[in-house]
Colleague: 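Input: one structure, supplied below.
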Amino acid sequence: MAPHDPTPPSDASGIPDASELVDFTVDLTSQEVLRRAQVMAALGPDWDPVEVLLGEEAAYDLLYSGLDADQQRVYDDLVAAGVLPARGDGRAAA
């Protein structure tokens, strides 16, 4: 069925032919714009994405600080395997 043909073909009884595919498109652009606006409103005017990212980096530094030798070995193995990203000089923070 051509996309410009608004009615599907039918047989003599007037029942549409179920074997024909019908083009069905839904434009969610307005809903997506509304969703994004609601997210930004929920975050509020004081939300600072740079501050959030810096806070996350500080949290990761704290999480991987003070590791004993065995923990450091596991950390290094996870970095080498690509499970964790390399941080700083490749060692967990002291």
Colleague: What residue pairs, at least two apart or across chains, pass side-chain hydrogen bond (donor to acceptor under 3.5 Å, both in side chains) with a residue in residues 28-45?
Modeller: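 Residue pairs with at least one partner in residues 28-45: D27-T29, E32-R35, E32-R36.
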
Colleague: Linking directly or through intermediates, with side-chain heavy atoms under 4.5 Å: list the remaining ILVMFWY members grouped with V52, chain and number order.
Modeller: V39, M40, L43, W47

Colleague: Quick test of your reading of the model: are R73 and D70 salt-bridged, counting only N-O distances below 4.0 Å?
Modeller: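 Salt bridge present between R73 and D70.
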
Colleague: Do V74 and L84 land in one hydrophobic cluster if side-chain heavy atoms of ILVMFWY residues count as linked below 4.5 Å?
Modeller: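 Yes: a chain of side-chain contacts under 4.5 Å links V74 to L84.
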
Colleague: Which other residues end up in the same hydrophobic cluster as V26, if Ile, Leu, Val, Met, Phe, Trp and Tyr are linked when side-chain heavy atoms come under 4.5 Å apart?
Modeller: F24, L28

Colleague: Can you list everything that forms a side-chain hydrogen bond (donor to acceptor under 3.5 Å, both in side chains) with E57? Sequence neighbours excluded, please.
Modeller: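 Residues passing side-chain hydrogen bond (donor to acceptor under 3.5 Å, both in side chains) with E57: R87.
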
Colleague: Are L63 and L54 in one and the same hydrophobic cluster, where Ile, Leu, Val, Met, Phe, Trp and Tyr link if side-chain heavy atoms are under 4.5 Å apart?
Modeller: no

Colleague: L53: which other cluster members, linking ILVMFWY side chains closer than 4.5 Å, directly or transitively?
Modeller: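 When side chains under 4.5 Å apart are linked, L53 ends up in no cluster with other residues.
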
Colleague: Apply side-chain hydrogen bond (donor to acceptor under 3.5 Å, both in side chains) to D46 and list each qualifying residue two or more places apart in sequence or on a separate chain.
Modeller: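 Per chain and number, D46 pairs via side-chain hydrogen bond (donor to acceptor under 3.5 Å, both in side chains) with no residue.
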
Colleague: One pair to check against side-chain contact (heavy atoms from CB on, under 4.5 Å): Q71 and D68. What are the steps and the verdict?
Modeller: CA-CA 5 Å; Q71 292 168 330; D68 64 27; 3.2 Å; yes

Colleague: Would a hydrophobic clustering, with Ile, Leu, Val, Met, Phe, Trp and Tyr connected at side-chain separations under 4.5 Å, put V83 with L67?
Modeller: yes

